[in-house]
Amino acid sequence: MSKNIIPVYNPSEIEPKWQKRWEKDGLYHSDIDETKPKHYALTMLPYPSGDLHIGHWYAMTPSDARARFMRMRGYNVLFPMGFDAFGLPAENAAIKHNIHPKVWTYRNIERMRQQLRSMGAMFDWRREAISSDPEYYRWTQWFFIKLFKHDLAYRKKSPVDWCPTCNTTLAREQVWGEDRHCERCGTPVIKRDLEQWFFRTTRYAEELLCYETIDWPERVRVSQTNWIGRSEGATVFFHTEHGDELEIFTTRPDTLWGATFMVLAPEHPLVSKLTTPEQRKAVEAYIEQAVRQTDVQREATDKEKTGVFTGGYAINPVNDERIPVWIADYVLMTYGTGAIMAVPAHDQRDFEFARKFGLEVRPVIQPVDMPELRGDEMTKAVPEYGMMINSGSLTGTPGNQAFEKTIEFLESKKIGHRSVNYRLRDWLISRQRYWGAPIPIVYCQQCGAVPVPEEQLPVLLPDDVEWRPTGESPLKLHPTWRFTTCPQCNGPAERETDTMDTFMCSSWYHLRYLSPKYDRGPFDPREYDYWMPVDTYTGGIEHANMHLIYTRFFHKACRDMGITKGPEPMLQLRNQGIVLGEDSEKMSKSRGNVVSPDDLVQAYGADTVRAYLMFFARWELGGPWNSSGIEGTSRWLRRVWTIFLEEPEVQGKATSDVLRNLRRKVHQTLRSVTRDFEKFEFNTIVSALMELLNEVSKAKQAGAWGTTEWNEATDIYLRMLAPVAPHISEEIWHQLGKPYSIHTQSWPEFDAEAAREEEVVLVVQVNGKLRDRITVPANISEEDAKKIALASENVRRFMEDKQPRQVIVVPKKLVNIVL
RNA sequence: GCCGAAGUGGCGGAACAGGCAGACGCGCACGACUCAAAAUCGUGUACCCUCCGGGUAUGUGGGUUCGAUUCCCACCUUCGGCACCA
């Protein structure tokens, strides 16, 4: 029975109340403050699809909690939010519902702003940036021109991946899976030969492999390293019989003497010249079918090798041998030089090809532990290193020197050199779609591709377009937009009608947040100097090889152009996992397993949803949703409410032991919660707070209410709760008459003395098996611990009068008696 | 095939530095309150046995160690990524 009647915990009343108050007071405004250390906490910005998904909550609320924690620890924290608002879904919705992409997008943004506000996150909305605003994409275009002027953007005709459903080209990173499907819609892509704009990401391949200055998860670093795909080897110059240079890349220069033929990609420019009249028909037929095939068919690894002899020959520069030149689709035009030397004895692919077409297999490497290799008897290639044989002057070179010696040989003869190749390609940024930032280039018959002068930016996206997809850029179909005059010669000219990949917009949004209204540059340099780099970046792992490579490239390119500073844009990265449906499947409307955060907020309140999202799984792993589990966090917050607000009948009667134990538990929890916030271990933060509440509740029953210890416990508890559940903590804080706002309070001070244990439970083992537990003073000596353990009746029973061979004492933990 | 992550009660998960396996929560069972139910509060809850007291358990099999969920080796399963990259 309580003395006072308190109102029930009603989140739907207190949450909007405090959200309005915080907004009105500008509680979460972050401004430059040189007196405090800064902390730029960034969470990946959402695409305005129309509804905030539980996945957004899962990504954002723990990030918010941690940003709040950092703020309480004395940092001046910037935690902004915005929208990645250009992109295909807007156009698809436009087509489906006959609504303008712009109207659709901005309507969604408005709705999502409301949903985001319901989280009670500490977003500084003054810094909101929307990538489809002209004042934003003006600077996206400005960056494009900078890259263009520094030779980091170029236009090239090349076979590119085309999604027939989305009617646009895709960057390589946007083509996924074994069947090479479109990242967005799942349609297998096809190849088209198109003039497209690229950024020279490959120029930064080497630097992108260095992660020394950043604290990023291993799995992201490994994934990027694999994506970049560095290979060390040699470039070697072969020649055709006609004297044309035929450059190849190999990772095994030591096998050069075993090259018995060469293979070119069907698209290789020298194919036509090499082909003899007798072979022309067969070669052309092969090329035609290769082009017709999808990449899926062509690049299937289990497919039998196919190819055609060109009739032409090349000269191997190491031994002047004349070897036949073939074409085959297992050689890709997009890697290396599109041509290889084939060494069937030591490369499995070349081996399969040679066997199928009856070409010579000549071993030139003899591993020590293998019987002598004979080309006509081998059943598979031998890729291991070994002693060089049949290799002219290098014959006899041992395996561990073969690579280096051959490179020295090539360089001294000037027929090749050491080189490094990357799997990474240049970033294709052209999109044949409407709803994106127009590429600010004008084509003039006299002057060629001319960048739009900076003072004329932005190149505005017209509203009156036909956005029905035709395979052409919608802007091309606009009656007037594309026609303009050349900024250089004033002659008639046409605008580029492709728009930019939206990953371009999201490569620099963290900079626009700094000063979204700034109009003298993409960002205010004062803000940049104070806030950058981003200290903590949180978001989905799916961006490991896309956004997170692009944004690093972008930063490094800008650094070299004098726009940004430092080696990296984001110092610390942490990824959350994915929340699956209750059926353990990916959430989707068609499966009917979508969890709506709005419904949950209505039923339980934002604080409960936040706490449950932190509690229910390890953040970096995610997992299936469990709708009954949320009852636990809901119950917990209701108990927090009554335990701290409801005055009990029993007061001030607690024994000193009870109070000492309460203090100890409070400070032990403070230690673990602090540590877990630092380590992004949100689930144990919530469980530690639940555990402490159980202790607090017992102390209350034992009469602790009203004591100094009780007041300290309340104060520390609410401060620790504040980042997790910002509304209820503010409300209780307020009702207890403490000064507004709890969110501007500092993080509690840890008292090591209070947290200290005076007694510990000593575990006693005999031969490693638990036989007794004895409570002893924490500062017991090893000798005494040993004595007490040996005196235990239970222990004596299992010792069977034997003498211990060894007694291991782990201070404050255990005694193990080994017989 | 290659690379990465993960396998712990009925379920989500915890275990900081090699030292009590299963914290915290869900679920379930029983009890209190109630005319009753909900809510709330309390107690219990890995499995097996001969239930006093033992034994067995962290995907599987080995190893190191007084002692292994934790370290090492081999393997299995699930998930994610890459895939003829010369």
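Proteins get letters first, then strands, A, B, ... in listed order; numbering begins at 1 in each.
- Ion pairing of D215(A) with R574(A) is present here, as a side-chain N (NZ or NE/NH1/NH2) and a carboxylate O approach within less than 4.0 Å.
- Summarising the geometry, the separation between CG on L637(A) and C1' on U40(B) is reported as 16 Å, rounded to the nearest angstrom.
- For K305(A) and C84(B), a side-chain-to-base donor-acceptor distance below 3.5 Å is present, hydrogens and geometry of angles not being considered.
- Candidate nucleotides A86(B), U40(B), C82(B) were compared by shortest atom distance to the side chain of R635(A), and U40(B) ranks first.
- C73(B) and U65(B): their C1' atoms are spaced 16 Å apart (whole Å).
- In G54(B) the base sits anti relative to the sugar, since the glycosidic angle is further than 90° from 0.
- Between the CD1 atom of I808(A) and the P atom of A68(B) there is a distance of 12 Å, rounded to whole Å.
- E631(A) has its CD atom 11 Å from the P atom of C28(B), to the nearest Å.
- In this structure, E173(A) and Y422(A) both approach RNA chain B, and ranking their closest nucleotides by distance from the 5' end singles out E173(A).
- Of all nucleotides listed (G19(B), C66(B), C11(B)), C11(B) comes nearest to the side chain of N626(A).
- Minimum atom distance to the side chain of Y330(A) is reached by C84(B), of the listed G4(B), A14(B), C84(B).
- Look at CG on L770(A): it is 14 Å from C1' on G53(B), rounded to the nearest Å.
- Computed from coordinates, the Q806(A) CD to U65(B) C1' distance equals 10 Å when rounded to whole Å.
- Separation of the P atoms belonging to U8(B) and A23(B) is 16 Å when rounded to the nearest angstrom.
- Dashed line: the shortest gap from a side-chain N or O of S628(A) to OP1 or OP2 of C11(B) is not under 4.0 Å.
- Ring-centre distance between W216(A) and Y211(A): not below the 6.0 Å cut-off.
- Of the candidates G7(B), A15(B), G19(B), G19(B) carries the atom nearest the K813(A) side chain, counting heavy atoms from C-beta on.
- The side-chain hydrogen bond (donor to acceptor under 3.5 Å, both in side chains) test with E352(A) is passed by exactly one of K356(A), Q348(A), R355(A): Q348(A).
- Note: CE (M690(A)) to P (C26(B)) measures 7 Å, nearest angstrom.
- Stem analysis of RNA chain B (at least three stacked-register Watson-Crick or G-U pairs, each with both distances under 3.5 Å) gives B:1-7 with B:76-82, B:10-12 with B:24-26, B:27-32 with B:40-45, B:46-49 with B:53-56, B:59-63 with B:71-75.
- Listed by chain and residue number, F69(A), R73(A), L670(A), E678(A), W747(A) satisfy the side chain to side chain contact (heavy atoms under 4.5 Å, CB included) test with T674(A) (two or more places apart in sequence, or in another chain).
- Straight-line distance between the C1' atoms of G7(B) and G61(B): roughly 16 Å, to the nearest whole Å.
- Comparing G4(B) with G9(B), their C1' atoms are spaced 29 Å from each other, to the whole Å.
- Within 4.0 Å of R805(A), counting heavy atoms only, lies no atom of the nucleic acid at all.
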Side chain to side chain contact (heavy atoms under 4.5 Å, CB included) evaluation trace for T538(A) with M44(A): CA-CA 6 Å; T538(A) 53; M44(A) 289 181 189; over 6 Å; no
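- Backbone-only engagement by W227(A) is indicated by non-hydrogen atom pairs under 4.0 Å involving sugar-phosphate atoms exclusively.
- Nucleic acid contact for V763(A): base, since at least one base atom lies under 4.0 Å from a heavy atom of the residue.
- For the pair R425(A) and Y335(A), the cation-pi criterion (under 6.0 Å, within 45° of the ring axis) is not fulfilled.
- Projected onto RNA chain B by closest heavy-atom contact, G768(A) and S697(A) fall at different nucleotides, the more 5' of which corresponds to S697(A).
- In the set G54(B), A86(B), G67(B), the nucleotide with an atom closest to the side chain of N816(A) is G67(B).
- Separating the P atom of U69(B) from that of U78(B) is a span of 25 Å, rounded to the nearest Å.
- For C82(B), the OP1/OP2 oxygens have no side-chain nitrogen or oxygen of R172(A) closer than 4.0 Å.
- Residue contacts for K679(A): at a heavy-atom cut-off of 4.0 Å it reaches no nucleic acid atom on any strand shown.
- At the heavy-atom level, S223(A) lies nowhere under 4.0 Å from the strands shown.
- Heavy atoms of R771(A) sit under 4.0 angstrom from primed sugar atoms or phosphate atoms, though from no base atom.
- Taking the six-membered ring for Trp, F616(A) and Y58(A) have ring centres closer than 6.0 Å.
- Of all nucleotides listed (A86(B), G19(B), G27(B)), A86(B) comes nearest to the side chain of L332(A).
- Taking atom CD on Q174(A) and atom P on G81(B), their separation rounds to 15 Å, with Å as the unit.
- Going from the P atom of U77(B) to that of C84(B) covers 24 Å, rounded to whole Å.
- For V761(A), the listed nucleotide lying nearest its side chain is C20(B); candidates were A83(B), C20(B), A6(B).
- Within the 4.0 angstrom heavy-atom criterion, base atoms lie near Q765(A).
- The six-membered or imidazole ring of F644(A) lies near that of Y717(A), with a centre-to-centre distance under 6.0 Å.
- The residue N694(A) sits close only to the backbone: its heavy atoms come under 4.0 Å of sugar-phosphate atoms, none of a base.
- The side chain of R638(A) contributes an N or O atom lying less than 4.0 Å from OP1 or OP2 of U40(B).
- Ring geometry for Y9(A) versus W641(A): interplanar angle of 30 to 60°, hence tilted.
- Looking at heavy-atom distances under 4.0 Å, F798(A) makes contact with sugar-phosphate atoms alone, never a base.
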Residue pair R675(A), E681(A): steps toward the salt bridge (Lys or Arg N to Asp or Glu O under 4.0 Å) verdict: CA-CA 9 Å; R675(A) 190 192 60 218; E681(A) 290 176 3; 5.7 Å; no
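- Separation of the C1' atoms belonging to U50(B) and C66(B) is 31 Å when rounded to the nearest angstrom.
- At the heavy-atom level, R773(A) lies under 4.0 Å from base atoms of the strands shown.
- In this structure, Y612(A) has its ring center under 6.0 Å from that of W625(A).
- Here the nucleotide nearest the side chain of E691(A), chosen from C24(B), C16(B), G54(B), is C24(B).
- Among the heavy atoms of the strands lying under 4.0 Å from F615(A) is at least one base atom, whether or not backbone atoms are also near.
- Checking A23(B), C84(B), C3(B) against every side-chain atom of V222(A), the shortest atom distance belongs to C3(B).
- Taking the six-membered ring for Trp and the full ring otherwise, the centers of F353(A) and W326(A) sit less than 6.0 Å from each other.
- Among the heavy atoms of the strands, none lies under 4.0 Å from T642(A).
- Atom CZ of R797(A) is separated from atom C1' of C52(B) by 10 Å (rounded to the nearest Å).
- Closest to the side chain of R423(A), out of A83(B), G25(B), G13(B), is A83(B).
- For the C1' atom pair drawn from G13(B) and G81(B), the interatomic distance equals 26 Å after rounding to whole Å.
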